[in-house]
Structures are given as C-alpha cells and as structure tokens.
Amino acid sequence: MNTQTTSWRLLDRLRRDGTGLRLNDLFANDPARFEKYALQVENILFDYSKNLVTDDIMAGLFDLAREVDVEGWRDRMFSGDRINVTEDRPVLHVALRNISARPILVDGIDVMEQVSEELDKMKRLTDAVRSGKWRGYSGKPITDVVNIGIGGSNLGPQMVTEALQKYSDNRIRVHYVSNVDGVQIAQVLRPLNPEQVLFVISSKTFTTRETLTNAETARNWLLASSFEETALEKHFIAVTANRNNALKFGLPQENIHDLWDWVGGRFSLWSAIGLPIALSLGFEHFESLLGGAYAMDRHFEMAPMEQNAPVIQALIGIWNSTFLGMQSQAILPYNQSLHMFSAYLQQADMESNGKSVDWDGNDVPYSTGSIIWGQLGINGQHAFYQYLHQGKNIVPADFIGAVESSTSVRGHHEYLMANFIAQTQALMTGIDETQVRAELRAKGKSEAYINNLVSHKIHQGNRPTNTILMERIDPHTLGALIALYEHKIFVQGIIWKVCSFDQWGVELGKELAHRILPQLDQNGTVEPQDSSTTGLIDFYKNVRKKS
Ligand SMILES: O=P(O)(O)OC[C@H]1O[C@](O)(CO)[C@@H](O)[C@@H]1O
C-alpha cells in the first residue's frame with residue numbers, strides 16, 4: 001500500500017504540522033514564489049503558486065512519485081505494456097498522436113502501422129466530404145454531419161469542435177446526439193435535409209443501447225426519404241472496435257473506421273472518434289491538435305519531475321484531496337470556447353479515478369479521485385462563487401484562460417481576464433476583519449452598522465487554485481491542454497494505485513435497466529424487488545395507462 005512508503009508518512013506529518021499555513025504569508029516570505037512555482041510548456045503557463053505547499057511539501061510529493069515509480073509506469077504506458085490490469089490491455093492513446101511514428105509494439109506488432117492507415121482513411125473521408133466529392137443518394141453534397149455517440153464517443157469530439165469553432169470554415173455543420181431521450185434527435189433532425197446528411201455512429205463497443213437506439217432512428221429517418229438501396233452507405237459511417245456489429249447494422253466494410261481495444265473511450269478523441277472534429281475544421285487542424293498532444297507527451301516523457309507539468313498538477317491534486325481532505329475540484333474556464341471543458345473532464349477524470357479498490361482488489365484507505373465540476377468561470381461568479389469564497393468546504397479550482405481573445409469583438413476580453421486574475425487573488429488573500437472595518441468606515445458607515453455586518457463580509461481566503469493561462473486557444477495548444485489533463489489523471493491513478501482505465505462501476509446500472517425495461521411494458525410482469533423500485537414502476541405504468 002502506498003501509505004506505507006516513507007514519503008507518504010512524511011507528507012502526513014507535514015500535513016499535521018502545516019495546518020496553519022497561510023498563502024498570504026507564503027507569498028510575503030518569498031517574493032520569488034511565482035517564479036519557483038510556475039512553468040511554461042508549449043504556449044501554456046501553469047501557475048501552481050497559489051496552493052498550500054512549501055518546498056518541503058513539494059519535495060515530499062516528488063519523493064512519493066519516485067517511490068511509487070511514476071516514471072516507470074509512464075514508460076510502461078508509452079511502450080505498450082498491459083497496464084490496464086483488469087482488462088488485460090495496453091493503454092495507448094499516446095500512439096494515436098505519436099507523430100514521430102516511433103514503433104510501439106503490442107504482442108510484437110507495431111500498432112503505428114494501423115494508426116497511420118486509419119489516419120489516411122480519415123483524411124480521405126474528410127477531404128471527400130469537405131470538397132463535395134462525397135455525395136448523398138440524390139447526388140447532392142453533404143452539408144451536415146450528425147455524430148451519434150455517448151460518453152467518450154461524444155464529449156471529447158463535441159468539446160473540441162466547440163472550442164475550435166473559430167477554425168471552422170462552416171462548410172460542414174456538425175451536430176451531436178448522445179441522449180436516448182428522443183427529444184434530442186428529433187430536434188437535431190428537424191431542420192436537416194436527409195439528402196445532405198452524413199451520420200457518424202461512434203461507439204467503441206457498438207453495443208451501447210443509447211447509441212444504437214439513436215442510430216436506428218436515424219436510419220429510419222433516412223430510409224423514409226429514400227428507397228435507394230445505396231442510401232445507407234452514402235449517409236452512414238461507423239467508428240468502432242467491433243466491426244461485426246457495424247456490419248450487422250448494414251454498413252459496408254469501407255464505411256467502418258477502426259478503433260482498438262487499447263484506446264479507452266474517454267481518451268479516444270485522437271482516433272477516428274475525432275472524425276467530426278476533422279470534418280468540421282479540416283484535416284490539417286486535426287493534425288495540429290494531435291501535434292499539440294504529442295508535444296505534451298514528449299514533455300511528460302522527458303521533463304524531470306520537478307519541471308513536469310502533468311506530474312506537478314497531479315501531485316498538487318493529491319495533496320489537496322487525499323492529504324488536506326478537499327474532495328471536489330472546480331474547473332473554471334474563462335473562455336467561451338471552453339464551455340464544455342468541465343463536462344469533458346468529468347468523464348475523463350471521474351470515470352478514471354473514481355475507484356475504491358487498488359490494483360490487487362484491496363480497499364484503499366484514502367480518498368481517491370475528485371468530484372470534478374464547474375462551468376464558465378464568469379457565469380459561475382454570478383452563481384456559485386459565493387460558496388467558493390465563503391462556503392464551509394474548501395474547493396480547489398483550476399482557472400483556465402487565454403491571453404488572446406478568440407474573437408475580433410473589442411472591449412470584452414480585458415474585462416473577462418481582469419476577473420480571471422482577480423478571482424484567484426481574492427480566493428487567496430481573502431479580506432480580514434480589520435480591512436472590512438476600515439473599508440466600511442471609509443464609506444462613512446456607522447459603528448453599529450459595521451458591527452452587524454463585519455462577520456458576513458470577512459473572506460477567510462487561503463483557498464488553493466491553479467492558473468492555466470494559454471497564449472491562445474488554437475488546435476495545437478488545445479491538444480496540449482487536453483493531454484496535460486490526461487497525464488495528470490494517469491499520475492494520480494498510479495499514486496492512488498487504482499486502475500484508471502476500466503469503468504466497471506457503470507455496468508450494474510446498465511444491467512438493471514435491461515431488467516427494468518420489460519417491466520415498464522403494460523403487459524410486463526413486475527418482478528419481486530424492493531418496494532421503492534416496484535412503487536416507481538407502478539406509478540410510471542399507471543400514469544402511462546391514463547395518457
Ligand atoms: O463508445 P461506446 O462503446 O458506445 O461507449 C460509450 C461510453 O460508455 C462507457 O463505456 C460508460 O458506460 C464509457 O466509458 C464510454 O465512453
């Protein structure tokens with residue numbers, strides 16, 4: 001157990017000794033703190049100086065990473081070892097953006113050959129669709145792409161297409177359907193012309209009910225408009241690791257794009273799952289995205305721990321959550337283009353590290369993972385920041401922004417970024433009683449008024465934040481940013497000793513849904529089970545009967 005390492009014990013002692021640490025003091029006592037605790041990778045400045053850490057704590061955290069052999073595990077991931085132990089698979093999303101084409105062997109076979117073949121196939125499709133060479137059944141060019149997929153087969157591509165919209169020439173409009181609630185697909189299809197739509201059915205397993213139900217609805221919608229035998233092959237593409245099921249759906253071999261079992265769904269946007277990104281932006285921008293991720297991979301592989309951004313980000317997160325007991329983590333982008341970033345990270349992080357047993361199946365005696373949540377920071381300021389500033393529970397936060405605006409609209413960006421910087425300062429410095437009293441006196445308030453209000457206006461401060469400031473949000477930088485978080489998640493999994501690449505926790509709910517589905521039918525028999533489940537099924541059926 002990693003708690004038995006010397007460094008874990010030392011860190012535990014530092015935690016106890018350091019309960020009185022104040023960020024204000026740490027900055028006052030060390031004018032060089034920012035230089036020491038900030039670094040730049042690619043176009044990304046990562047400032048972790050506003051965290052409750054000292055040189056001793058950082059040294060202890062680096063020792064912990066060494067003791068549990070983070071670097072060894074990292075090398076095992078990059079070289080294709082089967083580090084996904086519960087599924088007995090390698091973890092090779094890094095192969096998908098290995099633009100050096102350095103061989104990566106799995107069972108003696110270089111996976112880079114398959115990767116580059118698939119990339120070529122993606123490029124051919126992207127160019128054909130975007131140039132108008134690919135035509136629908138009636139001979140018209142494709143104008144709209146509808147991606148049908150959920151979880152990793154939705155969140156990554158959608159987050160990226162939204163984030164990089166500025167780079168789209170709008171030749172192809174991309175839409176996303178993930179929810180099995182028919183409202184979503186109905187809304188998406190309503191304004192579209194079936195003759196000019198290309199559906200991308202994205203499912204690693206091609207067994208996910210939500211996706212298959214939506215895919216069938218899309219197929220019926222298309223076939224209702226065309227009795228052409230070839231309509232399906234002109235309007236449907238699949239991305240999957242399960243060719244057989246895609247063939248059964250009615251697609252020809254050449255319309256199926258490959259994914260491999262060594263790519264986790266939540267790490268798959270770099271594969272053909274990223275087709276909607278390429279279709280929307282053009283293949284050269286997709287390649288830049290891969291290039292940015294590759295640059296971060298090289299940094300993660302080569303930089304010493306003390307200057308390694310993903311390692312440091314992971315260690316700070318472990319310090320905050322496991323040692324200081326701060327269980328949640330807010331993700332606060334100050335950039336409209338990143339409006340889906342926290343939703344994307346929720347899956348990447350929580351599905352990876354939300355585990356309670358270690359690789360050997362033993363309970364872990366510490367908290368793992370974090371509750372990842374958030375939304376655009378500027379909107380959050382007018383919604384939940386009250387809790388961040390004065391709530392009882394401390395929520396560490398990542399502030400993410402860009403120096404250059406993504407729009408030519410003037411007069412907005414400075415205001416946005418002033419807030420971005422001010423919020424981390426306010427969370428750190430807070431405002432104490434003396435300052436509150438002085439401010440209220442300066443405004444001419446009476447002593448009685450001040451006495452009533454003072455405790456409400458005090459901000460304790462001392463709330464930890466990371467600041468991630470990019471020069472701009474372009475495909476390369478976004479690729480690097482996503483890879484930064486992917487590797488952070490990986491390092492944390494190693495330290496917590498949990499398997500970050502499986503997701504057994506999502507299975508039980510799916511199985512029970514399969515059992516409940518026939519019970520919802522008016523003629524279905526309700527099984528003997530707990531009274532709440534039975535009561536809900538009965539209520540549902542009674543209301544349906546009347547409607
Ligand atoms: O791509 P698929 O196989 O349809 O799976 C979709 C998502 O469902 C999950 O398996 C969770 O149920 C995710 O891990 C995955 O990204």
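Only this structure's heavy atoms are used, side chains among them; waters, hydrogens and symmetry mates stay out. These figures come from a predicted structure and were not determined experimentally. Numbering of ligands and ligand atoms starts at 1, following listing order.
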Undergrad: Could you go step by step and tell me if Phe267 and Phe490 meet the ring-ring contact (aromatic ring centres under 6.0 Å, His included) rule?
TA: CA-CA 11 Å; Phe267 304 100; Phe490 170 83; 9.5 Å; no
Undergrad: Please check if any side-chain donor atom of Gln329 sits under 3.5 Å from a side-chain acceptor atom of Asp349, or the reverse.
TA: no
Undergrad: Just need the protein heavy atom nearest to atom 14 (O) of ligand 1, so name the residue and atom and give the distance.
TA: Glu351 OE1, 2.7 Å
Undergrad: Testing Leu155, Thr161, Leu289 one by one against Leu269 for a side-chain contact (heavy atoms from CB on, under 4.5 Å), which residue passes?
TA: Leu289
Undergrad: Using a distance-only test with no angle check, is there a side-chain donor-acceptor pair under 3.5 angstrom linking Gln503 and Arg266?
TA: yes
Undergrad: Please write down residue, atom name and distance for the protein heavy atom closest to atom 5 (O) of ligand 1.
TA: Thr208 OG1, 3.5 Å
Undergrad: Considering heavy atoms of the protein only, find what lies nearest to atom 3 (O) of ligand 1 and give residue, atom and distance to 0.1 Å.
TA: Thr205 OG1, 2.6 Å
Undergrad: Could you check Arg173, Arg171, Lys166 and say which one makes a salt bridge (charged side-chain N to carboxylate O under 4.0 Å, His left out) with Asp169?
TA: Arg171
Undergrad: Among all the protein's non-hydrogen atoms, which is closest to atom 16 (O) of ligand 1, and how far away is it?
TA: Gly152 N, 2.8 Å
Undergrad: Can the positive tip of Arg89 be found less than 6.0 Å from the middle of the six-membered ring of Phe501, inside 45° of the ring normal?
TA: no
Undergrad: Any idea how Phe199 and Trp221 line up, ring-wise: parallel (<30°), tilted (30 to 60°), or perpendicular (>60°)?
TA: perpendicular
Undergrad: Tell me: protein heavy atom nearest atom 10 (O) of ligand 1, and distance?
TA: Lys510 NZ, 4.0 Å
Undergrad: Against heavy atoms of Lys204, which atoms of ligand 1 measure under 4.0 Å?
TA: 1 (O), 2 (P), 3 (O)
Undergrad: My understanding is that we take every heavy atom of each candidate and find the minimum distance to atom 15 (C) of ligand 1. Doing that for Glu507, Arg209, Gln347, Glu210, which one comes out nearest?
TA: Gln347
Undergrad: Measure the distance from atom 7 (C) of ligand 1 to every protein heavy atom, then report the residue, atom name and distance (to 0.1 Å) of the closest one.
TA: Ile150 O, 3.7 Å
Undergrad: Please list, in number order, the atoms of ligand 1 under 4.0 Å from a heavy atom of Val506.
TA: 11 (C), 12 (O)
Undergrad: Out of Gly505, Ser352, Ser153, who is nearest to atom 1 (O) of ligand 1 when you count heavy atoms only?
TA: Ser153
